[in-house]
Amino acid sequence: MGHFINLLVFLSFSLSLCLFPGTVSAQLRQNFYANSCSNVEAIVRGEVAKKFSQTFVTVPATLRLFFHDCFVQGCDASVMIASTGGNKAEKDHPDNLSLAGDGFDTVIKAKAAVDAVPSCRNKVSCADILALATRDVIAMSGGPSYAVELGRLDGLSSTAASVNGKLPHPTFNLNQLNSLFAANGLSQTDMIALSAAHTLGFSHCDKFSNRIYNFSRQNAVDPTLNKDYATQLQQMCPRNVDPRIAINMDPNTPRTFDNVYFQNLQKGQGLFTSDQVLFTDTRSRPTVDAWASNSQAFNQAFITAMTKLGRVGVKTGRNGNIRRNCAAFN
C-alpha cells in the first residue's frame with residue numbers, strides 16, 4: 001500500500017510539472033547567494049551606478065536586454081552570447097540588432113566586478129546579474145525598487161533562428177500582444193504593465209514611419225495619432241531620413257520611469273501602434289485609464305509583471321551552468 005501511495009504522489013508531482021512548467025521557478029529565491037556571495041546585490045548596483053553616471057542609455061538598454069532575453073528561450077542570458085563562425089547567435093537576429101551595446105556592457109562590467117571577489121568567482125550567473133541590473137536601472141531612473149528572485153543558470157544554446165516570432169513588433173494589435181505574452185505565462189495586465197517600459201528610451205524613425213506617411217489608403221497618417229504629435233514626428237523624421245535617427249519613446253518625460261506613458265496614450269501620443277492600441281482597444285483601455293491616474297497601482301503591477309517575467313524558462317541542473325564569460329559558452 002505504501003508503495004502505491006508513493007507512486008501516486010510521484011505521478012501527481014510529475015503531472016504538476018507538465019501542467020505548470022512555471023514550477024521550475026520554485027528554486028528561485030531572493031536570498032539565493034546568501035552563503036556563496038552575500039554581497040552580490042551591492043556589487044552589481046555599484047557597477048550599474050557607475051555605468052548610469054556615464055550614460056543614461058544604460059537604463060533603456062539594460063531593461064530591453066532583459067526583456068529580449070526572457071522572451072527567447074527564457075531568462076538565461078542567451079542573448080548575451082556572441083556569434084561564432086559556426087553559430088549565428090540570438091543577438092544577431094534582425095529583431096535584436098537594435099539592442100544598444102550599453103546593456104551588454106553593463107552586465108559584462110558587473111560580472112567582472114562580482115568575479116573579482118574571490119568568494120564570488122564563478123558563483124553568480126550572467127542571467128541573475130542581468131535580472132539584478134534591470135531592477136537597479138529601473139530604480140535609478142525613478143521607478144520602483146523590488147526584491148529580485150535569484151538562482152537562474154545560464155543557457156547552453158543561443159541561435160538567431162530561435163528568435164523568430166518570439167518578440168513583439170511595433171505594428172502588433174491587442175490580440176497579437178496578448179497571445180505572445182500568454183505564451184510566456186503573462187496576462188493582459190502584465191503585458192500592459194511591461195509595455196510601460198516605453199516610458200524610457202528611444203526608437204528609430206523606420207519603426208513607426210508607416211504611421212506618419214503611409215498608414216492606409218484612406219489615411220496617410222494614423223488617425224489614432226495626436227495631430228500635433230504626428231506633425232512633430234514628421235519634422236523629426238522627414239521622408240528618407242537616416243533610419244538610425246533616435247526619437248524618444250515618451251515625448252514628455254523620456255528619462256524618468258513613470259506612469260506618464262499611460263497619460264500619453266490617453267492623448268494619442270503612443271509612438272508605436274502596439275502602444276496606442278492599449279488605449280484604442282476597449283478591452284485594455286480601463287487599465288490604461290486606471291494607471292494614468294494612479295502611479296502606485298501601476299508600480300505594483302509592474303513589479304508583479306517583472307517578477308513573473310523573471311521566472312520564464314529558467315534553466316536548472318544540467319540545462320545550464322554559470323558562464324565565466326557572459327558572451328561565450330564555457
Test of understanding: clusters of I, L, V, M, F, W, Y form through side-chain heavy atoms closer than 4.5 Å, transitively. Do [X] and [Y] belong to the same one?
X	Y	value
L99	F202	no
I108	F52	yes
L130	V57	no
V44	I138	yes
I322	V124	no

With no hydrogens and no angle check, is any side-chain donor or acceptor of [X] less than 3.5 Å from a backbone partner on [Y]?
X	Y	value
N294	A297	yes
R323	D154	no
T304	Q300	yes
T58	K51	yes
N184	L186	no
N214	A220	no
N219	F215	no
D115	N122	yes
S38	N35	no

Audit row: N96, L167, side-chain contact (heavy atoms from CB on, under 4.5 Å) steps and yes/no: CA-CA 9 Å; N96 281 333; L167 294 167; 3.6 Å; yes

Of all pairs that satisfy salt bridge (charged side-chain N to carboxylate O under 4.0 Å, His left out), the ones with a partner from residues 70-80, not counting sequence neighbours: D76-K315

What I want to find out is whether [X] reaches [Y] closely enough, with some N-O distance under 4.0 Å, to be called a salt bridge.
X	Y	answer
E149	R29	no
E47	K111	no
D289	R285	no

Separation of [Y] [atom2] from [X] [atom1] (nearest 0.5 Å):
X	Y	atom1	atom2	answer
N319	L153	CG	CG	8.5 Å
T189	L194	OG1	CG	11.0 Å
I245	C237	CD1	SG	7.5 Å
T287	L278	OG1	CG	9.0 Å
F172	N178	CZ	CG	11.5 Å
S158	I81	OG	CD1	6.0 Å

How far apart are the closest heavy atoms of [X] and [Y], and which atoms are they?
X	Y	value
I303	P144	CD1-CB, 3.8 Å
P170	K207	CB-O, 3.7 Å
I129	A110	CG2-CB, 3.7 Å
A197	L63	CB-CD2, 3.7 Å
S125	R152	OG-O, 2.7 Å
D275	L271	OD2-N, 3.9 Å

Contact list for residues 79-93, test side chain to side chain donor-acceptor pair (under 3.5 Å), sequence neighbours left out: Q73-E90, S78-E90, S83-D92, H93-N164

Does the side chain of [Y] come within less than 4.5 Å of [X]'s, by heavy atoms?
X	Y	result
L174	M191	yes
F71	L309	yes
S203	F272	yes
T256	S141	no
L150	L28	no
C326	F104	no
V114	C37	yes
N321	F329	no

Would you say the side chains of [X] and [Y] form a donor-acceptor pair under 3.5 Å?
X	Y	value
N264	N252	yes
N226	Q269	no
H169	D95	yes
D281	N173	no
T199	D258	yes
D128	Y33	yes
T253	D250	yes

Kindly say whether the aromatic ring centers of [X] and [Y] come within a distance under 6.0 Å.
X	Y	value
F298	Y261	no
H68	F66	no
F302	F257	yes

Parallel, tilted or perpendicular, as decided by the 30° and 60° cut-offs, for the rings of F67 and F181: tilted

Stepwise side-chain contact (heavy atoms from CB on, under 4.5 Å) check, V48 with T106: CA-CA 6 Å; V48 174; T106 300; 3.9 Å; yes

Within 6.0 angstrom of Q54 CD, more than 12 heavy atoms from elsewhere: yes

Check against side-chain hydrogen bond (donor to acceptor under 3.5 Å, both in side chains), N175 and R283: CA-CA 10 Å; N175 289 344; R283 293 171 293 170; 2.9 Å; yes

S98/R64 under side-chain hydrogen bond (donor to acceptor under 3.5 Å, both in side chains): CA gap, chis, key distance, verdict: CA-CA 10 Å; S98 62; R64 239 179 122 227; 2.9 Å; yes

Worked verdict on K227 versus T231 for side-chain contact (heavy atoms from CB on, under 4.5 Å): CA-CA 6 Å; K227 284 189 173 60; T231 304; 5.5 Å; no

All pairs passing disulfide (SG to SG under 2.5 Å) where residues 162-200 contributes a residue, at least two apart: none

Worked verdict on R135 versus M306 for side-chain contact (heavy atoms from CB on, under 4.5 Å): CA-CA 9 Å; R135 182 266 312 272; M306 285 296 282; over 6 Å; no

